[in-house]
Asker: 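One structure coming up, written as structure tokens, with questions to follow.
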Amino acid sequence: MARWSPLLTWIGLLGLCAAYLQGGLNKLLDFPGAVAEAAHFALPLPPVTAAATIALELGASLLILTGRWRWLGALALAAFTLAASFIANRYWELPPGQERFMTANGFYEHLGLVGAFLLVAVWDKAHAS
């Protein structure tokens with residue numbers, strides 16, 4: 001198993017970053033759509049917010065995948081994901097029903113990603129010394 005460990009670790013990290021790579025690339029290829037999404041969530045300066053989101057999603061993912069400042073990329077995506085969850089998945093404001101149920105699932109799935117990124121940061125710092 002030890003000889004497969006680096007490959008399996010990298011594949012695991014790629015899976016963890018997949019949504020951010022896909023999201024960042026989609027926003028980059030459809031910048032007007034990214035700006036519209038930022039405006040939909042009433043974020044300030046939608047074009048600037050969209051550009052910053054693209055840079056964060058792609059840049060932090062690359063830090064994680066290359067191993068260069070992996071801990072920093074993981075903390076950045078943890079903070080981003082936590083903030084995005086409270087902005088986009090406000091299930092507690094919805095009436096009971098299917099939409100609330102699905103939004104709550106999304107919220108707690110994102111909390112799982114936050115936890116995974118925190119573990120990556122801790123793991124990376126522990127193995128850097």
Side-chain angles (χ1 to χ4, degrees):
M1 186 65 152
R3 72 179 183 158
W4 291 98
S5 184
L7 177 62
L8 293 176
T9 298
W10 193 83
I11 291 171
L13 293 170
L14 179 61
L16 189 57
C17 293
Y20 303 90
L21 292 167
Q22 177 266 343
L25 288 173
N26 280 351
K27 288 174 183 72
L28 184 63
L29 296 173
D30 181 15
F31 191 70
V35 172
E37 181 181 41
H40 168 78
F41 289 112
L43 298 173
L45 304 168
V48 174
T49 299
T53 299
I54 292 166
L56 180 81
E57 287 184 323
L58 296 177
S61 293
L62 290 176
L63 291 177
I64 291 169
L65 293 173
T66 63
R68 177 124 174 109
W69 295 340
R70 178 174 283 146
W71 63 272
L72 182 61
L75 289 178
L77 285 180
F80 171 79
T81 303
L82 186 61
S85 294
F86 279 98
I87 291 168
N89 293 314
R90 303 171 68 86
Y91 72 91
W92 52 88
E93 294 179 352
L94 299 173
Q98 186 66 22
E99 184 181 5
R100 180 184 175 121
F101 177 81
M102 297 300 291
T103 305
N105 281 348
F107 180 86
Y108 289 103
E109 287 170 359
H110 283 89
L111 288 186
L113 286 169
V114 170
F117 284 124
L118 293 175
L119 289 173
V120 167
V122 169
W123 173 79
D124 188 58
K125 288 302 276 182
H127 287 84
S129 47

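We number each residue from 1, following the sequence as shown. No hydrogens, no waters, no symmetry mates; every other heavy atom, side chains included, goes into these values. Since the structure is predicted, the reported quantities are computational estimates derived from the model, not experimental observations.
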Asker: Is Trp92 reachable from Ile87 through a run of hydrophobic residues whose side-chain heavy atoms are each under 4.5 Å from the next?
Answerer: no
Asker: Here's a test for you: under side chain to side chain contact (heavy atoms under 4.5 Å, CB included), which of Leu58, Thr53, Thr81, Leu62 qualifies with Tyr20?
Answerer: Thr81
Asker: Below 4.5 Å, heavy atoms only, C-beta onward: do Leu14 and Leu21 meet side chain to side chain?
Answerer: yes
Asker: Test of understanding: with side chain to side chain contact (heavy atoms under 4.5 Å, CB included), list the residues that count as partners of Leu56, not counting sequence neighbours.
Answerer: Ala76, Phe80
Asker: For the atom pair OG1 (Thr66) and CH2 (Trp10), what is the distance rounded to the nearest 0.5 Å?
Answerer: 10.5 Å
Asker: When you compare the side chain of Val120 with that of Leu77, does any pair of heavy atoms fall below 4.5 Å?
Answerer: no
Asker: With clusters defined by side-chain heavy atoms of hydrophobic residues (ILVMFWY) lying less than 4.5 Å apart, directly or transitively, does Leu13 cluster with Leu113?
Answerer: yes
Asker: Considering residues at least two apart in sequence or located in another chain, which fulfil the side chain to side chain contact (heavy atoms under 4.5 Å, CB included) criterion with Leu72?
Answerer: Trp69
Asker: Tell me if the aromatic rings of Phe107 and Phe86 count as close, with their centers under 6.0 Å from one another.
Answerer: yes
Asker: Could you give the distance from CG (Leu75) to CG (Leu63), rounded to the nearest 0.5 Å?
Answerer: 11.0 Å
Asker: Cluster question for you: counting only ILVMFWY and a side-chain heavy-atom cut-off of under 4.5 Å, with indirect links fine, are Leu16 and Tyr108 together?
Answerer: no
Asker: Looking at every non-hydrogen atom in both residues, tell me the closest pair between Cys17 and Ser61 and how far apart they are.
Answerer: CB-OG, 3.8 Å
Asker: Are Thr103 and Arg100 close enough that some pair of their side-chain heavy atoms sits under 4.5 Å apart?
Answerer: no
Asker: Find out if a path of hydrophobic residues (ILVMFWY) with successive side-chain heavy-atom gaps under 4.5 Å connects Ile54 to Val48.
Answerer: no
Asker: Which donor-acceptor pairs under 3.5 Å do side chains of residues 25-40 form with protein atoms, sequence neighbours excluded?
Answerer:
residue	atom	partner	partner atom	Å
Lys27	NZ	Glu57	OE1	3.4
Asp30	OD1	Gly33	N	3.1

